[in-house]
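Written below as structure tokens is the structure these notes are about.
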Amino acid sequence: MDHGAAPSTFASAYRHGFARVAACTIPVAAGDPAHNAQTIVEQVRGLHEDGVAVALFPELSLSGYAIDDLLLQDVLLDEVDRAVLTVAAATESLLPVVVVGAPLRRGNRLYNCAVVIHRGKVLGVVPKSNLPNYREFYEKRHFAPGDDTRDGFLHAPHWPGADEEGDLAFGPDLLFEASDVPGLVVHVEICEDMWVPVPPSAKAALAGATVLLNLSASPITVGRAEDRHLLARSASARCNAAYLYAAASAGESTTDLSWDGMTMVYELGDLLGESERFPDGPRATVVDVDLDRLRQERLRQGSFDDNRRAEGIDAHDGRDFRTTDFTLQPPTGDLGLRRKVDRFPFVPDDEARLALDCYEAYNIQVSGLEQRLRAIATDTWQPHIVIGVSGGLDSTHALIVAAKAMDRLGRPRTDIIGFTMPGFATSEGTKSNAVHLMESLGITWEELDIRPAATQMLKDLGHPFGRGEEVYDVTFENVQAGLRTDYLFRAANQRGGIVLGTGDLSELALGWCTYGVGDQMSHYGVNSGVPKTLMQHLIRWVVSSGQFEGAVNDTLTEILDQEISPELVPTRAGEKIQSTEDSVGPYALQDFTLYHVLRRGYRPSKIAFLALHAWSDAEVGDWPAGYPESRRTAYDLATIRRWMEVFVQRFFSNQFKRSALPNGPKVVAGGSLSPRGDWRMPSDVTGRAWLEELRSAVPEG
């Protein structure tokens with residue numbers, strides 16, 4: 001394992017803002033610190049080879065937790081002292097910061113402590129602040145609470161890491177920061193500290209801690225594991241942090257209790273990993289924590305730091321935290337990536353979660369449209385909905401949203417006026433699907449052939465197509481797109497309605513829409529918060545959940561199987577139809593980039609690294625339920641880099657279209673591109689720096 005100071009390769013997870021951490025449990029030898037120290041060292045050696053930066057072990061892991069009054073025996077405490085030295089000496093050349101539990105004497109009292117050790121030195125000692133003394137717990141018989149030891153020291157001149165006076169930092173106010181891994185700031189609390197209303201870790205997070213550790217003994221009873229998950233998950237979410245938890249395992253006394261050795265790691269409310277419970281030996285949850293994600297979330301959530309000010313953390317008249325720096329010297333080579341990276345960050349892999357997301361997304365859209373229709377109605381006028389129906393995914397979904405909105409408002413679906421507007425490249429398949437869908441939904445519909453008007457406009461413009469030449473340039477395409485929208489707006493004037501926009505979030509990100517009098521404009525954009533990769537799943541959910549009946553579902557299923565195409569450029573027999581993804585890139589990759597730009601603020605190189613792990617092998621990892629086998633593909637780094645360059649160029653050059661975006665509801669937590677909401681950006685800013693970072697930091701292959 002390369003732990004040198006050489007520059008990291010592109011494949012290194014540490015280069016891209018990750019830190020590998022481990023929550024560990026071991027079979028303890030109750031009352032035998034020397035044995036426990038050796039067991040811990042053996043585990044740390046393996047974790048070193050695995051590139052782990054932080055290794056957490058359970059509460060009182062050097063002595064055992066359930067040893068009652070043996071905790072007050074000098075023989076045991078002397079052995080614990082020697083065990084700390086053993087662990088320090090044995091890990092001097094190893095990578096991980098090792099955090100072990102130990103009963104330690106200080107003054108006239110005994111404390112339940114976490115000892116933080118790195119490369120042969122003790123960095124500091126953290127006492128347990130909150131001692132349980134109820135039901136099966138009797139900790140105050142042996143230990144003093146450590147909540148009043150802030151700014152304290154432990155006198156241990158024989159321990160490596162002690163200062164010239166023989167002292168080591170001691171207290172719940174300690175942070176441990178890696179000087180060479182940006183964002184890796186560790187705080188430690190112990191078991192019960194997690195269960196109180198204001199845990200020490202909450203204030204530590206406000207002070208800058210990103211990786212929160214909990215050494216726990218926690219005897220197991222029915223239902224307690226679920227409670228631990230609840231607390232760890234909520235702590236990680238509220239604190240914008242990673243939360244590591246390690247509970248005691250086999251070897252602890254079962255006189256009155258039992259132990260399950262549970263370990264887990266949460267990050268911002270997401271479970272990154274957990275180990276087998278009731279194991280028959282050592283276990284570890286080893287995962288890669290995304291430090292960039294934690295930092296970015298805190299940057300954009302201003303209330304996080306406002307809370308720090310309100311609580312007086314690191315304030316002149318408040319409570320300070322002490323920071324101990326250490327140099328990790330992380331690995332520079334390829335360690336892989338120990339975390340799940342979703343191929344489709346807007347689309348959950350879990351079938352039940354996907355169904356819930358689709359239910360919420362669909363109803364967000366429906367209720368948003370309902371409210372807009374109610375808001376603009378008068379005592380004498382109920383607005384119609386005017387919509388262009390092409391037979392493609394977006395207009396199909398917008399139409400079924402409109403139909404459901406009318407149903408819920410108690411209005412007839414005939415108040416929806418659909419237009420199918422064939423152009424020069426409209427296929428019979430999409431046109432017939434559009435007609436079948438409108439007829440099966442029972443809306444009012446008409447066919448409006450735009451070809452005569454488009455031909456006349458091109459002729460008036462002096463375009464070669466107006467003279468009969470086969471010139472299919474952007475003007476040729478936009479004349480068709482513009483005429484369709486122009487007709488819809490005039491029809492809305494004529495029929496007393498509003499134009500319902502059908503364009504989606506992905507198209508807005510890439511600028512794949514015609515500005516002004518084109519599909520960029522509408523009275524209300526019902527799909528503007530829905531990414532393209534989610535659209536097909538929404539339609540599948542509408543079918544599977546029985547929102548409509550019979551022929552509607554049959555047509556929706558047919559539409560799902562079509563190639564995504566604007567159908568603006570004619571093709572000859574045997575030629576491949578115009579493909580949107582041939583021009584702007586695979587929506588799967590572009591939505592991946594969009595999510596990490598919009599929600600996470602990541603550098604292009606990090607997004608490329610993540611995309612490579614998500615997309616390099618079609619056989620590895622989960623696919624969303626219902627995703628067609630025929631579309632399950634893979635992308636190499638060169639392909640990812642090429643289409644990300646297209647994304648950056650299009651994203652920056654098309655902000656002017658988003659700056660004039662019609663109203664529409666935010667749908668996904670990943671964000672929206674509304675200039676009044678999630679995304680505010682000048683229309684004339686350059687993407688040069690993003691392109692340079694991509695080109696310089698991501699290999700071409």
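Each residue takes its place number in the sequence, starting with 1. Every heavy atom of this structure was used, including side-chain atoms; hydrogens, water molecules and symmetry mates were not.
At distances below 3.5 Å, not a single donor-acceptor pair connects side-chain atoms of Asp290 with backbone N or O atoms of Phe18. Proximity of a side-chain donor or acceptor of Arg322 to a complementary backbone N or O of Asp173 within less than 3.5 Å is not detected. One N or O on the side chain of Ser61 and one on the backbone of Gly101 form a donor-acceptor pair closer than 3.5 Å. No donor-acceptor pair closer than 3.5 Å links the side chain of Tyr65 to the backbone N or O of Ser216.
Counting only residues at least two apart or on different chains, no side chain to side chain donor-acceptor pair (under 3.5 Å) pair has a member in residues 25-37. Listed by first and then second residue, the ring-ring contact (aromatic ring centres under 6.0 Å, His included) pairs that reach into residues 148-177 are Tyr111-Phe170, sequence neighbours excluded. Within the structure, ring-ring contact (aromatic ring centres under 6.0 Å, His included) contacts touching residues 182-233 (residues at least two apart or in different chains) are His229-Tyr266. Screening residues 75-104 for ring-ring contact (aromatic ring centres under 6.0 Å, His included), with sequence neighbours left out, gives no hits.
Take Arg15 and apply the side chain to side chain donor-acceptor pair (under 3.5 Å) test, not counting sequence neighbours, and it matches no residue. For Lys340, the side chain to side chain donor-acceptor pair (under 3.5 Å) partners two or more places apart in sequence, or in a different chain, are Asp349. Residues that satisfy the ring pair (Phe, Tyr, Trp, His ring centres under 6.0 Å) test with His613, not counting sequence neighbours, are Phe609. Under the ring pair (Phe, Tyr, Trp, His ring centres under 6.0 Å) criterion, Phe344 pairs with Trp615, Tyr627, sequence neighbours left out. Every residue two or more places apart in sequence or in another chain was checked for a side chain to side chain donor-acceptor pair (under 3.5 Å) with Arg106, and none qualifies. With sequence neighbours excluded, the residues satisfying side chain to side chain donor-acceptor pair (under 3.5 Å) with Asp292 are Arg295, Lys606. Phe326 is linked by a ring pair (Phe, Tyr, Trp, His ring centres under 6.0 Å) to His118, counting only residues two or more places apart in sequence or in another chain. Scanning for ring pair (Phe, Tyr, Trp, His ring centres under 6.0 Å) contacts around Phe10 gives His16, with sequence neighbours left out.
The residues Lys128 and Glu192 are annotated as not salt-bridged, no charged nitrogen and carboxylate oxygen being separated by less than 4.0 angstrom.
You'll find the side chain of Pro172 reaches within 4.5 Å of the side chain of Thr149, heavy atoms only.
Ala207 and Phe321 get closest at one heavy-atom pair: CB-CD1, 3.5 Å.
Summarising the geometry, atom CZ belonging to Arg150 is positioned 11.0 Å from atom CG belonging to Asp148; distances are rounded to the nearest 0.5 Å. For the atom pair CE (Met262) and CD (Glu274), the distance works out to 6.0 Å, reported to the nearest 0.5 Å.
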